Amino acid sequence: MKLKAFLIMAGLWMGLFGLAACSGAVERTYQYHETTVLFNDFHIKKTVYRPGVMKLYYRGGQFKDTPIRCYDANFEDLGDQFEYSFQNGVLTVQADFAERISGLTIDDSAHYTIYRLRYLDSPQFAWLADTFWYDYGRMELGDAERYYSEAEMKAQADIASKEQQETLDIFAILEGTWVSEDGIQKYVFSENEDGTRWYAEELWFDETEQKWNGWELCVESAFQTPYFGGEYSEDVAEHLQEIVLGNSDHAAADMCVLYDSEENVIRDTDTIYHKQ
């Protein structure tokens, strides 16, 4: 009898351990200290994973049919085979890959903002927000050092260094004054003394007032592109290079010039500019 009672008790204990193990496999919860995203408009609270389902609990944010994308731990896109809904402060994602979701993007186009959430399956949760302000243009807000890995930060620094070198190379070509053949229009490209800021001016001569008028922009970057007039063109001669001068005032338009490397001139429709 004692042996029988022991076996019964052992069976009960094994059953309890089995239930505990199953419950651990069925649900994983990652609780956050209510994390503020983009000032006080949006807060992340916790993420719960079950087979085929991920639930993100949040406060604030006006989401309904807002597009989302799902990413794994390496922030690789998990594809289109999922269903989702926003309801009562919960984003529910249903997919075969639901338990692999580590990151999300929420495209809140109504407020010109894309939320990027990462490490949802870890206490390391981090966020960034790409948002557009009319006075400053598009900006990235958030804790980039926490969001990106060291390798990603290095890759971004390498890209930035390459872009800066391209800007330097282009300005080495353009720097100076380019005057139209009729002498009443000109471009002036210059940099400050330490070579950290670049400027571009487009000027025209006012014969009535006998002075030069025009506009200047502070250039953030300069790069060559095969997009002529906003459209890709493969039949443009290789020596014609459209150069885009990215304006640091993102609310304003960039300047584009067509440089002819064969003739060493700038072309603007029917106007040709020679370097002084």
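This structure is a prediction, so every number in the text was calculated from the model and none was measured.
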When Ile, Leu, Val, Met, Phe, Trp and Tyr are grouped by side-chain heavy atoms lying under 4.5 Å apart, directly or through other members, which residues fall in the same group as [X]?
X    : answer
Y119 : none
V53  : none
V188 : I184, L203, F205, W212

Who are the side-chain contact (heavy atoms from CB on, under 4.5 Å) partners of V179, not counting sequence neighbours?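 For V179, the residues satisfying side-chain contact (heavy atoms from CB on, under 4.5 Å) (neighbours in sequence not counted) are T177, K186, Q276.
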
Can you name the nearest heavy-atom pair linking [X] to [Y], along with the distance?
X    : Y    : value
A200 : L245 : CB-CD1, 3.8 Å
G52  : A98  : C-CB, 3.4 Å
C70  : V93  : SG-CG1, 4.1 Å
A129 : T113 : CB-CG2, 4.2 Å
F189 : V257 : CZ-CG1, 4.3 Å
N247 : D254 : N-OD1, 2.7 Å

Mind checking whether [X] and [Y] have parallel, tilted or perpendicular rings, split at 30° and 60°?
X    : Y    : result
F82  : Y84  : tilted
Y259 : W178 : perpendicular
Y30  : Y49  : perpendicular

Does atom CD of Q81 have more than 12 heavy-atom neighbours, drawn from other residues, nucleotides or ligands, at distances under 6.0 Å?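 No - once you tally the heavy atoms of other residues, nucleotides and ligands closer than 6.0 Å, there are 12 at most.
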
Taking everything shown except E140 itself, do over 12 heavy atoms lie less than 6.0 Å from its CD?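 Count over threshold, so yes.
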
Can you measure from [atom1] ([X]) to [atom2] ([Y]) and round to the nearest 0.5 angstrom?
X    : Y    : atom1 : atom2 : value
I272 : L258 : CD1   : CG    : 10.5 Å
F42  : T35  : CZ    : OG1   : 10.5 Å
L56  : I106 : CG    : CD1   : 6.0 Å
L217 : Y199 : CG    : OH    : 11.0 Å
D169 : L174 : CG    : CG    : 11.0 Å
D108 : D130 : CG    : CG    : 12.5 Å

Checking side-chain polar atoms at under 3.5 Å, does E191 have a donor or acceptor matched by the opposite partner on W198?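 Result is yes, a qualifying pair exists.
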
Are S109 and D107 close enough that a side-chain donor and a side-chain acceptor fall under 3.5 Å?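 No, because no side-chain N or O of S109 sits under 3.5 Å from a partner of the opposite role on D107.
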
Mind checking whether [X] and [Y] sit in one hydrophobic cluster, side chains of I, L, V, M, F, W, Y counted as touching below 4.5 Å?
X    : Y    : answer
L91  : I114 : no
F63  : W127 : yes
V244 : I170 : no
L128 : L38  : no
Y71  : L78  : no

Under 3.5 Å, side chain of [X] to main-chain N/O of [Y], donor-acceptor pair present?
X    : Y    : result
Y32  : L120 : yes
R146 : A126 : no
N213 : W204 : no

Is there side-chain contact between M54 and L104, with heavy atoms separated by less than 4.5 Å?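 Side chain of M54 against side chain of L104, heavy atoms only: contact under 4.5 Å found.
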
Test: salt bridge (charged side-chain N to carboxylate O under 4.0 Å, His left out). Region: residues 194-219. Which pairs qualify, not counting sequence neighbours?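 Sorted result for residues 194-219: E209-K211.
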
Sequence neighbours left out, what passes ring pair (Phe, Tyr, Trp, His ring centres under 6.0 Å) with Y57? Give chain and number order.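 Ring pair (Phe, Tyr, Trp, His ring centres under 6.0 Å) check on Y57 returns nothing, list empty.
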
Ion pair D121/R28, N-O distance below 4.0 Å: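 Looking at D121 and R28, the cut-off is not met.
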
Does this structure show an ion pair linking K154 with D158, if we count only N-O contacts that are shorter than 4.0 Å?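 Here K154 pairs with D158 in a salt bridge, since their nearest N and O are under 4.0 Å apart.
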
Run the numbers on D72 and F97 for side chain to side chain contact (heavy atoms under 4.5 Å, CB included), then give the verdict. CA-CA 9 Å; D72 64 13; F97 55 69; over 6 Å; no

With respect to L240, which candidate in E263, E262, R267 satisfies the side-chain contact (heavy atoms from CB on, under 4.5 Å) definition?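 Among E263, E262, R267, the one meeting side-chain contact (heavy atoms from CB on, under 4.5 Å) with L240 is R267.
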
With salt bridge (Lys or Arg N to Asp or Glu O under 4.0 Å) as the test, pick out the partner of E27 among R50, K55, K46.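 Going through R50, K55, K46 one by one, the salt bridge (Lys or Arg N to Asp or Glu O under 4.0 Å) with E27 is satisfied by R50 alone.
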
F86 and I68: side chain to side chain contact (heavy atoms under 4.5 Å, CB included), yes or no, with the steps? CA-CA 11 Å; F86 291 94; I68 72 166; 3.7 Å; yes

Report the C-alpha separation of R118 and F75 in whole Å, then their side-chain angles, then the decisive distance to 0.1 Å, and conclude whether the side chain to side chain contact (heavy atoms under 4.5 Å, CB included) test is met. CA-CA 8 Å; R118 198 169 185 183; F75 218 68; 3.8 Å; yes

